[in-house]
Each structure stands twice: as C-alpha cells, then as structure tokens.
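Have a look at the structure below, then the notes.
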Amino acid sequence: MATAWIGTPIHELGHLLQCYIWGHRVTRVKFLQLNSPSGVLGYVEHQYNPGNIYQQIGNFFIGMGPIFSGIGALIIGMYLLVPKSYQTFREYIVEHITSDVQNSNDLMVIGRAVLATTKSLFTIENMINPLFWIFLVLAISISSHIALSKADINGSAKGLLMIFFVLFITNLVTSFFGIDTYVFITRLTEYNAYVLAFSSIAIIFSIITLLISYVLYKLKTGW
C-alpha cells in the first residue's frame with residue numbers, strides 16, 4: 001500500500017497504452033483504488049474483435065504492458081534524477097550488449113547488466129545527492145508493482161497462442177520461398193538482450209524491496 005501511490009498507476013498505464021496500440025476498445029480504467037474489498041488496486045477493462053489477428057496478438061502485449069511501462073519509467077527517472085549513472089549504464093549497454101549476445105546466454109547478459117547498474121548507482125557521489133534518494137523511493141515503488149497479476153498472465157496467454165501461429169505460418173512461407181531470416185533473427189536477439197539489460201534496473205530494486213519487506217516482516221512477527 002505504501003508503494004501503490006506511484007507503482008499502481010504506472011502498472012495500469014502500461015496496460016492502457018498497449019490497448020491503444022493494439023486497437024482494443026477501453027471501457028473502464030481505474031489507476032488507483034485503495035479501499036477495494038477484493039484488494040485490487042487498479043484495473044483496465046477492454047474489448048476486442050476475436051476475429052482480428054492483430055488485436056488477438058495484442059492481448060499478449062497488453063498483459064505484459066506493466067513490464068514495459070515500469071522499466072520505461074525507471075529509465076526515465078534514472079535519466080532525469082541520476083544522469084551520470086544513466087550515462088554510465090548506457091555506455092555499458094552500447095559497448096557490451098552485442099558481444100554478450102554473441103558469446104553468452106541471456107542469464108549472463110542480465111547478470112553483467114545488474115552488476116554494471118549497481119556500480120553506477122550506488123556511488124558515494126549519489127549517496128550525498130538528494131535526487132538519488134528521490135529516485136530510490138520512486139524506483140522501489142515502481143518495481144514493487146511491475147509484477148503481473150493472474151489476470152494479466154491469462155490475458156497474455158491468449159495472445160501468445162496467436163503469436164506462435166503467426167510465427168509458424170511465417171516460417172513456412174519464408175522456407176518455401178527461400179528467404180534468409182538470419183539478419184532478422186539477429187536483430188531480434190539483440191533487441192531481447194537490450195530489454196533484458198534494461199530490466200536489470202527493475203530487478204535490482206525488486207531485490208531491495210524484497211529485503212526491506214523481509215526485515216519489516218521479521219520485525220512484525222519477531223525474530
């Protein structure tokens with residue numbers, strides 16, 4: 001509840017933006033509600049045409065929307081409030097992401113990005129900068145509410161099935177006509193690596209939130 005004031009609206013904004021991108025009709029939106037009997041802090045209700053392949057694929061991205069909006073908000077906050085750390089992190093991404101994709105797996109990509117981000121953020125210079133502490137509060141609040149709900153996951157699953165179908169058909173067509181998809185696959189792999197690297201910011205603050213929650217839980221229940 002303490003982090004919902006900023007985290008929940010950004011979570012729901014992610015759903016909302018993806019609804020518009022994928023042509024769904026938004027019927028109701030609640031960015032934040034603190035007194036719901038069900039405990040639901042916010043929601044976006046939308047409708048789509050089941051016969052429209054584009055809109056069906058959109059279900060996946062709408063369900064995943066909070067991940068995109070959450071990571072985007074963290075990056076913007078980092079850029080505005082701790083620009084030196086953002087610049088260091090960005091330079092690392094530009095210099096290492098391609099070689100990491102070619103020479104290692106996704107876990108190594110994200111692991112190295114986490115270390116680079118941690119080193120760039122938690123410096124003496126930042127510790128004495130009030131803007132860093134503002135960013136810290138915002139980042140913890142946002143990261144605490146990136147997680148997808150059961151409804152989000154179920155909605156994404158509907159779109160995922162259609163994505164698999166479209167990719168299957170596309171693969172058949174490109175194979176039949178002898179189209180080389182190597183360049184496309186390479187670009188897609190690099191894009192995924194960028195997403196993983198940027199998500200390291202969310203992972204760091206999710207871990208911090210977990211540790212804080214654990215300490216508060218222990219204080220409440222007794223060590």
Side-chain angles (χ1 to χ4, degrees), residues 1-82 86 90 110 134-167 188 191-206 208-210 213:
M1 298 297 290
T3 57
W5 62 280
I6 183 67
T8 299
I10 290 177
H11 179 108
E12 302 306 334
L13 184 62
H15 291 311
L16 184 62
L17 291 176
Q18 292 296 325
C19 283
Y20 289 134
I21 291 172
W22 294 94
H24 287 219
R25 187 169 72 87
V26 177
T27 56
R28 291 183 64 192
V29 178
K30 195 73 173 181
F31 285 110
L32 182 63
Q33 56 179 11
L34 299 178
N35 299 316
S36 172
S38 64
V40 175
L41 294 173
Y43 58 85
V44 175
E45 296 180 357
H46 55 97
Q47 298 175 347
Y48 69 100
N49 179 7
N52 188 312
I53 294 178
Y54 180 79
Q55 292 184 7
Q56 283 197 56
I57 292 175
N59 281 320
F60 173 78
F61 294 95
I62 291 169
M64 298 289 288
I67 295 178
F68 304 133
S69 61
I71 293 175
L74 289 172
I75 293 172
I76 292 172
M78 193 176 181
Y79 174 78
L80 295 175
L81 299 174
V82 280
Y86 170 80
R90 183 177 178 279
I110 200 168
I134 295 175
F135 171 73
L136 186 64
V137 172
L138 294 176
I140 289 175
S141 298
I142 294 169
S143 299
S144 298
H145 295 270
I146 285 181
L148 303 180
S149 66
K150 184 178 180 180
D152 296 340
I153 295 172
N154 289 338
S156 292
K158 296 178 183 178
L160 189 60
L161 292 175
M162 182 55 66
I163 289 175
F164 281 140
F165 174 75
V166 171
L167 289 177
L188 183 61
Y191 168 77
N192 289 336
Y194 276 109
V195 173
L196 284 173
F198 281 120
S199 69
S200 66
I201 303 174
I203 290 174
I204 290 171
F205 289 103
S206 294
I208 293 174
T209 303
L210 175 63
S213 300

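Residue numbers start at 1 and run along the sequence shown.
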Nearest heavy-atom contact between T27 and Q47 is CG2-CD, 3.8 Å

Do V44 and C19 come close enough that some side-chain heavy atom pair is under 4.5 Å?
yes

Spacing of CG belonging to L41 relative to CG belonging to N35, to within rounding of 0.5 Å:
10.5 Å

Sorted by first residue and then second, give each side chain to side chain donor-acceptor pair (under 3.5 Å) pair with at least one member in residues 52-78; sequence neighbours left out.
Y48-N59

How long is the span from the CD1 atom in I57 to the CD1 atom in I62, to the nearest 0.5 Å?
11.5 Å

Heavy atoms only: give me the nearest T209-S144 pair and the separation to one decimal.
CG2-OG, 3.1 Å

How long is the gap from CD1 on I204 to CG on L74, to the nearest 0.5 Å?
10.0 Å

Ignoring hydrogens and angles, tell me if any N or O in the side chain of H11 forms a donor-acceptor pair with the backbone of H145 under 3.5 Å.
yes

Note, L161 side chain near F60 side chain (heavy atom, < 4.5 Å)
no

Say you draw a straight line from CD1 of I153 to CE of M64; how long is it, rounded to the nearest 0.5 Å?
9.0 Å

Report the residue from Q18, H24, R28 that forms a side-chain hydrogen bond (donor to acceptor under 3.5 Å, both in side chains) with H46.
H24

Here the pair of heavy atoms bringing L32 nearest to W5 is CD2-CA, 4.0 Å

I need the I140 CD1 to L136 CG distance, nearest 0.5 Å.
4.0 Å

Any non-hydrogen side-chain atom of T3 less than 4.5 Å from a side-chain atom of I142?
no

Donor-acceptor contact present, side-chain T8 to main-chain G42, <3.5 Å:
no

Heavy-atom check, side chain of Q33 versus side chain of Y43, under 4.5 Å
yes

Can you find a pair of side-chain heavy atoms, one from F68 and one from L13, that are under 4.5 Å apart?
no

What closest approach, in Å, do A202 and S143 show between heavy atoms, and which atom pair accounts for it?
O-OG, 3.6 Å

Return the set of residues passing side chain to side chain contact (heavy atoms under 4.5 Å, CB included) with Y86 (not counting sequence neighbours), or none when no residue passes.
I75, M78, Y79, R90

When every non-hydrogen atom of V26 is compared with those of V29, the smallest separation belongs to CG1-CG2, 3.4 Å

Heavy atoms of P66 and D152 approach each other most closely as CG-OD2, 4.5 Å

Take F205 and I146, measure what side-chain contact (heavy atoms from CB on, under 4.5 Å) needs, and give me the verdict at the end.
CA-CA 11 Å; F205 289 103; I146 285 181; over 6 Å; no

